[in-house]
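None of these values were measured; they are calculated from a predicted model. So that the names make sense, note that chain A is the first sequence line, chain B the second, and so on, each numbered from 1.
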Amino acid sequence: MADFNRISKKWRKAWEEKGIFKVIEDSKKKKFYCLEMYPYPSEKLHVGHLRNYSIGDALARFKRMNGFNVLYPMGYDAFGLPAENAAIKNKVDPEKWTLDNIKAISEQQKAMGMSYDWDRKIQSCDPDYYKWNQWIFLKFLEKGLAYRKKSSVNWCSSCKTVLANEQVEQGKCWRCKSLVEQKDLEQWYFKITKYADELLKDIDKLENWPERVKTMQRNWIGRSEGVEINFKIKNSDEKISTFTSRADTVYGITYMVIAPEHPLVKKLTKGTKYENDVKKFIEEVKKEEITERIDKTKDKKGMFIGKYFINPFNKEECPIYIADYAVMDYGTGAVMAVPTHDQRDFEFAKKYNLPLKVVITPKDRKLKESEMTEAYIDEGILVNSGEFNGLNNIKAIEKISNFIEKKGFGKRAVNYKIRDWLISRQRYWGTPIPIVYCEKCGIVPIPEKELPVLLPKDVKFSGSGNPLETSESFVKCKCPKCKGKARRETDTMDTFVDSSWYFLRYCSPKFDKAPFDKKAVEYWMNVDQYIGGIEHAILHLLYARFFTKALRDLGLCKIDEPFKRLMTQGMVIKDGAKMSKSLGNVVDPADIIKDYGPDTARLFILFAALPEKELDWNDQGVNGAFKFLNRFYSLVEDNKEKISLNKIDFKQLNSKDKYMLSIMNHLIKDVTENIESFKFSLAISDVMQFVSQVGKYSNENINKEVFGELIKTSILVMSPFIPFICEELWEMIKCKGFVSLAEWPKYDKTMIDEKAEGSEEMLDNVRKDIAYLLNLIKIEKPKKLTFFVSEKWKYKFFKELKKEIEQTRDINVIIKSINPKFKENGKLVSKLVLSIVKTPNKIPRVILNQDTEFKVLEKLKKTFTKELKCDMVIVKAEDSKEAKARNAMPGKPAIVVE
RNA sequence: GCGGGGAUGCCGGAGCGGUCAAACGGGACAGGCUUAGGACCUGUUGGCUUAGUGCUUGCGGGGGUUCGAAUCCCUUUCCCCGCACCA
């Protein structure tokens, strides 16, 4: 048995020595940018990574062989919390920890045969890299895209840092899953909301993104059109503004809820008897906020604050409540409540005995407030709505909105769920924010020429507080403006900043005048295929899109969207569950490589499931892949003496040789198409079938040139999946150069139609059929025979048959393919109808072999008479024994005789 | 609740109007090679069968469109995955 590990080491070395995967811009060649989401360098690679890279590498290799100039880089998302936690726990330097991991991981990637251009490696913790984070930050600051504000922020007490909205999942920290608290802090933000509209609109341009990712982004941006309505408060000069997308319901308002944090709450209750109770209520809500406020099933809680507002539409006075279901974050923090037509309002109104007022009613019945058990939220007709009565409610939204603007009650408004991106992190291992706080000058940016602001080494990792604050040399500094005493910003940037533009850096990784070389970016961008996990559907992919647009507006690049096509790979599971340490179902890629070699691991991963689907890890399956590799390898090795690379002499070929060449051309076609549509597992299954056929062929009396061609082709088409072994076999059959750089085979269309095996037998059957039919209708020599051939692949045989009949019987033969044609204009049918015979006296006859089908044919009569433009008589149902007797074939063509 | 994706032979998983009893792999069974096999090769693998290019059942359940449905439509059940009191 072949030693696959020896083979892989040999070729890895050869590739490295020749540097065959390095690329440079080449305007003469078509480019292809293939990118995998760069990994966080944790201690070990897991199979998910392996899958990611196997997919990307197969594609990169395929494109390379197809003549593309392929940019296929790798780098590391090297900043981040785990390094810092390791520092606290094991007293190691986060940098060393990170760099050691990178070394180990890149070693594994090389061992797996990934064809990266390693010269373009990026590590986000390199000052050469994060310098440009700082540079971009300063540019954003200039443009007003970065700003500092005090606000209530998400705080993770376990990670001891604030989090962006995108990093809070169901009230929990995305990383450590502990509950997120709210804190009032002054922090740095990126103004992603400025691009909300464009980010939303351009989702439509992302044609090759998975639908669900696009949907998730749309939902996250959460654009909602509506109106902002101002309400006067009775006995006060204050106004409350509310946002609603349901202007059609304004006549049904019976109360209002405002968020407890709403600034007006204090004002309105000050000095009233409600003041104390309201304060108490707010305290209560804050306490439960974290856990319960996010639980939708919970009872809504609220409280009257002693004030009323006036509904400008009907001048009614309604009470104002504070309630925990109103969130300050969205809209104006106040909600006009229409309990009859909003379920949340309905529940609240029922609980606090607030009035209901129906303003929309279904067409077929009447709604009664007293009988309602839930809000009516479907379409209907407006009632109790003054001049708008009788309108359809959807149409009324538009009319009432106009009315609101005309009367000055409010204005149209658009709301987004997306918030500005909070990028400050109270952690050490990240890009320092290039800002200084001066006693005199306030917030002062570091001048560009002083970048990078380096991370200091003299910090203490105590496990509490931001380690950066322990570095005096870092914190204490001079103001760049006045040279006076100043304090340096100790927050670092969210690591998602690093990953928001790294794909641009790959285009010119060593460029030192700007984050990237505009020219290189113009050549390489955008990313033709991006591959990564679904978990980044919102976070990274949204940020990267935002960055691209912002950098474009800074004049740094010309593209609107960074990733042309996105493919999200499925999870790897084992024994029906996600791999996890606690379940003990983790597979270590290193073990697989050790036992089976890298090619087996790659082959299994790509074969076991389509890239986008879940992959069920199965040890027997791995072994199956291994078995195939051995079979493939020994097929070549055992028969290498029989291989000739000389040109095929087509005159010397027998039908078997021709048949083999035909399926080989088929193979090339299928594999090419399957790879292009990411159906790697199907491409591999095609090759498996082919290899087993070639195996059988090799035992026969073979044509050496043909055999050589078959073997060569199978090595070529397999090489994107199992590059090491293919390289070895390529050498074994004495082909020149690296198979990794060889040209992808092209298929010959004419060869695909080559006669399939067994065609003689089939022709024989058809001959019998014809004889039988002719006998049946008692004519020796019809003028014309028309064959309706149902299956495309049989078309070829009938061509031969045509020749034969025309010569031997002197009959004019016509062949028609019925499948595509009949489907279009009549949806006909070949399988059931075995034969149609049109007699000389112009009465068409139909012969069947089944009683059941006879019934069917009665129905078909119409279609047939139309198609054949003549009457139809069903002559007889041919019984199955008769069919058997004349050895009828299945899927036999319809035959028309004239 | 909203949105996205699923349900196919013993298992993983293709197929997405006729070439489908359903690719490919795994498993199982039989045979060969072998002293023997867990290695390799060959064949079988829904049921019935007078063994036929035969009949019959069948791609979550029910209904429909069609000459014809695993594939299209409706409905229903179950599973996964996102978001979530967004006004």
Handout entry: B:U35 and B:C29, which share atom name C1', separated by this distance in whole Å
Key = 24 Å
Handout entry: Interatomic distance where CG belongs to A:Asn219 and C1' belongs to B:G82 [whole Å]
Key = 9 Å
Problem - Per A:Gln620 side chain, nearest of listed nucleotides B:G27, B:U42, B:C85 - result: B:G27
Problem - Nearest-Å distance once atom P is located in both B:A30 and B:A21 - result: 29 Å
Exercise for the section: State yes or no: are the ring centers of A:Tyr697 and A:Tyr659 separated by less than 6.0 Å? Expected result: no
Fill in the blank from the handout: The Watson-Crick or G-U wobble partner of B:A21, with both key distances under 3.5 Å, is none
Exercise for the section: Show your reasoning for whether side chain to side chain contact (heavy atoms under 4.5 Å, CB included) applies to A:Thr568 and A:Trp209. Expected result: CA-CA 9 Å; A:Thr568 50; A:Trp209 280 39; over 6 Å; no
Handout entry: Complementary nucleotide for B:C2 - Watson-Crick or wobble, under 3.5 Å
Key = B:G82
Practice task
Report the glycosidic orientation of B:G27: syn if within 90° of 0, anti in every other case.
Solution key: anti
Exercise for the section: Verify the distance criterion only: is there a donor paired with an acceptor across the side chains of A:Tyr633 and A:Asp599 at less than 3.5 Å? Expected result: no
Exercise for the section: Round to a whole Å and report the spacing from CE of A:Met571 to P of B:G5. Expected result: 17 Å
Handout entry: Given RNA chain B, 5'-ward residue of the pair A:Glu211 and A:Arg419, judged by closest heavy atom
Key = A:Glu211
Practice task
Answer syn or anti for B:G54, where the cut-off is 90° from 0 on the glycosidic torsion.
Solution key: anti
Handout entry: Pairwise P distance, B:G18 and B:U75 [rounded to whole Å]
Key = 25 Å
Practice task
Could you tell me the separation between the CZ atom of A:Arg344 and the C1' atom of B:A84, rounded to a whole number of Å?
Solution key: 11 Å
Exercise for the section: For nucleotides B:G26 and B:C79, find the distance between their P atoms and express it as a whole number of Å. Expected result: 33 Å
Fill in the blank from the handout: The reported gap from CD1 in A:Ile663 to CD1 in A:Ile668 (rounded to nearest 0.5 angstrom) is 11.5 Å
Practice task
Could you tell me the separation between the CZ atom of A:Arg218 and the C1' atom of B:G4, rounded to a whole number of Å?
Solution key: 12 Å
Problem - From CG (A:Asp420) to OG1 (A:Thr193), nearest 0.5 Å - result: 3.5 Å
Problem - Spacing between A:Ile203 atom CD1 and B:G4 atom C1', to the nearest angstrom - result: 14 Å
Problem - Residue-phosphate contact under 4.0 Å: A:Lys613 side-chain N/O, B:A14 OP1/OP2 - result: yes
Fill in the blank from the handout: Among the nucleotides B:G43, B:A87, B:C85, whichever has the atom closest to the side chain of A:Lys696 is B:G43
Exercise for the section: State whether A:Lys627 places a side-chain N or O below 4.0 Å from either non-bridging phosphate oxygen (OP1 or OP2) of B:C24. Expected result: no
Exercise for the section: Name the closest nucleotide to the A:Leu682 side chain, picking from B:A23, B:C83, B:C41. Expected result: B:A23
Problem - A:Gln217 CD - B:C81 P separation (whole Å) - result: 21 Å
Exercise for the section: Using a 4.0 Å heavy-atom cut-off across all strands, classify A:Gln689 as base, sugar-phosphate, or nothing. Expected result: sugar-phosphate
Practice task
Please state the P separation for the pair B:A23 and B:C16 - nearest whole angstrom.
Solution key: 14 Å
Handout entry: Distance below 4.0 Å between A:Lys679 side-chain N/O and B:G15 OP1 or OP2
Key = yes
Problem - Charged N-O contact under 4.0 Å between A:Lys669 and A:Asp686 - result: no
Problem - Short N-O contact, A:Arg223 and A:Asp197, less than 4.0 angstrom - result: yes
Practice task
Among B:A14, B:C24, B:A87, find the nucleotide with the atom closest to the side chain of A:Met688.
Solution key: B:C24
Completion exercise
If pairing means Watson-Crick or G-U wobble with both distances under 3.5 Å, then the partner of B:C29 is B:G43
Exercise for the section: Answer yes or no: is there a side-chain heavy-atom contact under 4.5 Å between A:Asn311 and A:Phe409? Expected result: no
Problem - Paired nucleotide for B:A36 [Watson-Crick or G-U wobble; both distances under 3.5 Å] - result: none
Fill in the blank from the handout: pair_partner(B:G52), Watson-Crick or wobble, both distances < 3.5 Å, evaluates to none
Problem - Separation of atom CD in A:Glu614 from atom P in B:C11, rounded to whole Å - result: 17 Å
Problem - Nearest-Å distance once atom P is located in both B:G3 and B:U76 - result: 15 Å
Handout entry: Separation of the C1' atoms in B:A14 and B:A22, to the nearest angstrom
Key = 9 Å
Practice task
Go ahead and name the base partner of B:A14; Watson-Crick or wobble counts if both distances stay under 3.5 Å, otherwise write none.
Solution key: none
Problem - Pair partner, B:G58 [Watson-Crick or wobble, under 3.5 Å] - result: none
Problem - Distance between C1' atoms of B:C55 and B:G60 (Å, rounded) - result: 27 Å
Completion exercise
When A:Tyr330 and A:Ile684 are each assigned the nearest nucleotide of RNA chain B, the 5'-most assignment goes to A:Ile684
